[in-house]
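Here the structure comes first, spelled out in structure tokens, and everything after it is commentary.
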Amino acid sequence: MRALLPALEAMRHRGEAAVLVTVAATRGSAPRDAGAAMLVGATACHGTIGGGQLEHRAIAIGREQLTAIAAGEPLDGVRLVRFPLGASVGQCCGGVVELAFEPLPPGVAEWCSHARQHARAGHAWVRISALAKGMACRVLSAAEVRTDASLPAALRDTALALLASGGDGAAIAAEAADEARSWLVVAAAPPEMRVALFGAGHVGRALVEAMARLPLQLSWVDVREDEFPPALADNVTTICTDTPEAEVRAMPGDSVFLVLTHSHALDFALTRAILDRNDFRFFGLIGSRAKRAAFERRLRERGYGAACIARMHCPIGVPGVVGKEPEVIAVAVAAQLMGLRGRRSADTRHATSNAPDGATGKCWIGVA
């Protein structure tokens, strides 16, 4: 859902109608889990609910609703349609998918701005749409769900359960069989991966472009403010600072660090600051094998042990990708990060301290 917000807000500002299609529930094998969504416009679609005949049918239904909107016909609220994938759709998954179709006439998706605020801040939130006609959609944070006395008990319990799951999801909340007292609840969790990227040169910019739609929250750090582009994705925050090492210490535990600045001296200072931590998930340093050898020698001279130095990934990127173009490097690094999903530094086994004498941190042996 988060990835659809920029497209939805752009359509809203252009005065275009859309239909939001959400996987409300699944049973058995299905191409996407509950909470996956796509935006159907008159000439283009954004996002996906899994492709194939299911998505083809969903687009057709969405376009029918758009035609009705253009003709001024009255529309119901959220429409639920059940698709047995094998029997009615002809897909080999064999499960059952229930899709929610939510018409969004021009200018009515005011909740989008509120959702983007939560997305930019890295907050979890739920979007609540009544199945009954004429009910406004609401976006609420976990704290707002807990404190809003106007929410029916079934709705509050469903919303809090989805938020507590820690991931994206969707469910139908109902107080009775009457659809007038039922709601579609869609949860959007903050990305579980926090990334600090140091360097806004050619490779840094290419990497930010590659990661703009990936499920991660990116802090982009450089000492040169004019190197940052004017427009950024919702998952990117820029930090211009003369003390980038302080940003290493400010990142939360289990963060991913990528160092590719314009200065080898700064790269080395950042390397030491990162290795002095004991809780990062991954540290990648751009450079050749010769650069790695030089950094290893300097780190050993300063008392860093072999296990600690081994956590420095240099060169970076998945192996087998050939090319020195910034865009090629960016693809290789982005693929490497996606391979880290679900791997947390808490799962590493503790090693004896490999930091130099006097350092406050300890190094851990990582799984990646």
Side-chain angles (χ1 to χ4, degrees), residues 1-112 115 127-137 168-172 174 179-180 182-188 213:
M1 182 66 231
R2 288 172 177 267
L4 297 180
L5 295 177
L8 177 56
E9 193 154 87
M11 294 176 73
R12 175 189 168 205
H13 288 315
R14 292 194 301 265
E16 299 176 13
V19 175
L20 185 59
V21 184
T22 305
V23 179
T26 65
R27 188 175 76 245
S29 179
R32 293 293 301 273
D33 296 328
M38 68 180 299
L39 197 61
V40 178
T43 59
C45 297
H46 305 273
T48 178
I49 55 169
Q53 281 297 310
L54 175 65
E55 188 161 303
H56 180 74
R57 296 273 187 92
I59 293 172
I61 293 173
R63 295 266 162 81
E64 289 175 2
Q65 292 184 319
L66 289 173
T67 300
I69 292 173
E73 297 178 14
L75 292 170
D76 296 331
V78 178
R79 176 187 174 189
L80 296 177
V81 182
R82 183 175 177 271
F83 293 88
L85 297 180
S88 67
V89 180
Q91 290 190 201
C92 60
C93 298
V96 177
V97 174
E98 192 166 16
L99 297 181
F101 293 83
E102 187 174 353
L104 302 174
V108 302
E110 291 88 355
W111 54 266
C112 182
R127 186 176 61 84
I128 300 171
S129 302
L131 299 188
K133 178 182 177 181
M135 300 291 288
C137 174
D168 294 344
I172 301 296
E179 283 193 353
S182 300
W183 305 266
L184 171 68
V185 185
V186 181
R213 297 183 65 183

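What you see is a predicted model, and the numbers here were worked out from it, not measured in a lab.
- In this structure, T22 OG1 and L39 CG are separated by 9.5 Å, a value rounded to the nearest 0.5 Å.
- Within the structure, no pair that satisfies the side-chain hydrogen bond (donor to acceptor under 3.5 Å, both in side chains) test touches residues 63-73, not counting sequence neighbours.
- In terms of heavy-atom proximity, G41 sits nearest to M11 at CA-CE, 3.9 Å.
- Put simply, CG on L80 and CD1 on I172 are 4.5 Å apart, with the number rounded to the nearest 0.5 Å.
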Pair F83-T26, side chain to side chain contact (heavy atoms under 4.5 Å, CB included): steps then yes or no = CA-CA 9 Å; F83 293 88; T26 65; over 6 Å; no
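- With a 4.5 Å cut-off on side-chain heavy atoms, R79 and I61 count as touching.
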Side chain to side chain contact (heavy atoms under 4.5 Å, CB included) between R127 and E102: does it pass, once the steps are laid out?
-> CA-CA 12 Å; R127 186 176 61 84; E102 187 174 353; 2.7 Å; yes
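- The nearest pair of heavy atoms linking I69 to A17 is CG2-CB, 4.0 Å.
- Interatomic distance, CG of L104 versus SG of C137, reported as 8.0 Å (0.5 Å rounding).
- Among all heavy-atom pairs drawn from V21 and A58, the shortest one is CG1-CB, 4.2 Å.
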Evaluate side chain to side chain contact (heavy atoms under 4.5 Å, CB included) for V96 paired with L85, printing each intermediate quantity in order.
-> CA-CA 6 Å; V96 177; L85 297 180; over 6 Å; no
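- Using a 4.5 Å cut-off on side-chain heavy atoms (C-beta onward), W111 and I128 make no contact.
- To the nearest 0.5 Å, atom CG of residue L54 and atom CD1 of residue I49 are 4.0 Å apart.
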Could you walk me through whether L99 and V23 pass the side chain to side chain contact (heavy atoms under 4.5 Å, CB included) test, one step at a time?
-> CA-CA 5 Å; L99 297 181; V23 179; 3.9 Å; yes
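- For the 3.5 Å distance criterion, the side chains of T48 and E55 qualify, holding a donor opposite an acceptor.
- Across all non-hydrogen atoms, the minimal contact from A100 to A24 is CB-CB, 4.3 Å.
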